[in-house]
Amino acid sequence: MNEKAFDRERIARLAQAYEPDIVRFLRDLIAIPAESGQEGPVIARIRREMEKVGFDETRVDPLGNILGRIGSGKTIVMMDSHTDTVGVGDPREWAWDPYKGKVEDGYIYGRGACDQRAGMASMVYAGKLIKELDLAGDCTIYMVGSVQEEDCDGLPWLYILKEDGIRPDCVVITEPTRLGIYRGHRGRMEIEVHLRGKSCHASAPERGDNPIYKMSRLAEEVEKLNERLPSDPFLGKGTIAVTQIRSLSPSLCAVPGSCSAHLDRRLTAGETRESAVAEVRALPGAENAEIEILDYDTPSYTGLRYPMQKYYPTWVIAESHPLARAAVATWRALWDGEPVVDKWTFSTNGVASMGLMGVPTIGFGPGEEEVAHSVAERVPIEHLVKAAMFYAAFPRMYADAIAEARRLP
Ligand SMILES: [Zn+2]
């Protein structure tokens with residue numbers, strides 16, 4: 001790998017010099033609430049900053065994702081930060097204003113500080129570093145602010161890859177990794193099981209056929225199925241859980257005619273939509289069940305609907321893959337020591353970029369996964385600066401790595 005692709009001291013100095021701007025930008029983003037489907041104002045704020053720091057082009061696609069471009073070279077590197085956050089829940093649980101971006105002891109606190117406006121703030125300033133230090137090389141770099149991830153992970157990237165006409169060589173997910181290199185996570189899917197019975201007056205239940213009793217027996221089989229699901233040494237175990245049961249009854253004095261259960265399924269390596277449905281189908285009592293994978297069909301803030309099945313496949317990239325090697329090489333070129341190479345516990349837009357569309361994907365981000373969605377959400381300022389360095393240095397290192405991989409026999 002080309003060790004002279006960049007001068008790490010210069011990148012470190014310049015990134016450090018922009019720390020106050022990165023902090024200010026992140027605090028501005030935290031001050032703009034944007035749950036899924038309400039990202040318009042935060043996208044507009046991101047666009048202003050991208051234009052200010054000198055991106056070559058910014059555009060907002062019909063779903064509402066913002067794509068900021070730098071360079072126009074052969075190797076296409078895309079980086080992603082979703083722009084929506086979860087809500088604040090009970091405001092009394094917060095010890096400070098979740099939308100103020102409190103700065104204390106080297107951290108910025110607030111909703112979205114870590115998940116994941118931090119990634120966006122670092123990406124935009126990486127863009128500035130790339131421009132000023134001329135780091136783009138023969139790359140086209142897109143910094144993407146995606147929408148609706150918290151509601152339907154992957155949906156924005158399914159749209160970008162299928163509809164925006166860009167064919168990237170790789171995608172970097174900037175969700176929190178504590179500055180480690182993450183190379184996958186378990187998948188998931190949302191399944192509903194419907195059982196039919198025969199309704200009747202509850203004063204004479206023997207005239208009907210109560211589907212709640214059938215569902216309760218099936219729920220026990222689901223619990224046993226969970227025990228049998230396979231485990232993977234890297235990703236962990238596949239799981240299944242009943243998370244809701246409801247019935248359709250004409251009254252509380254009637255035996256219902258149908259009963260439905262919602263199943264949360266987490267998929268480990270080797271498990272697919274088909275295998276997961278077949279396992280449920282094979283359970284005693286499910287012979288005549290209707291088994292459904294739910295759809296997501298909520299319009300984006302632009303009003304566009306882009307329906308997607310709630311199947312979010314497992315993805316893992318091998319440590320030996322040129323993308324994973326380039327990420328590790330970038331880390332080593334910037335800092336001393338060795339990066340932690342691991343996986344996320346939660347799910348990310350990687351389910352679409354790599355899981356559904358097969359684009360090599362890797363993760364590197366500021367902040368700690370454990371504080372996402374919590375009232376303790378925060379990000380270390382040091383991480384913001386370091387992540388900006390990584391995103392600035394990575395594209396050239398990656399272009400070199402794939403050139404080298406092509407030269408090898
Ligand atoms: Zn996130």
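First listed ligand is number 1; within each ligand, the first listed atom is number 1.
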Nearest atoms (heavy-atom pairs only) where V171 meets W157: CG2-CZ3, 3.8 Å
Is the NZ or CZ atom of K343 both under 6.0 Å from the centre of the six-membered ring of Y182 and within 45° of that ring's axis? no
Aromatic F25 / basic R48 pairing, under 6.0 angstrom, 45° off normal: no
Before moving on, can you tell me the angle at the Zn ion (ligand 1) between the OD1 atom of D115 and the NE2 atom of H82, to the nearest 10 degrees? 90°
Determine which of the N, O or S atoms in E175 is closest to the Zn ion (ligand 1) and give its atom name. OE1
Do the two ring centres, one from F390 and one from W331, sit under 6.0 Å apart? no
E150 near the Zn ion (ligand 1): N/O/S under 2.8 Å: no
Check whether any N, O or S atom of E149, backbone or side chain, sits closer than 2.8 Å to the Zn ion (ligand 1). no
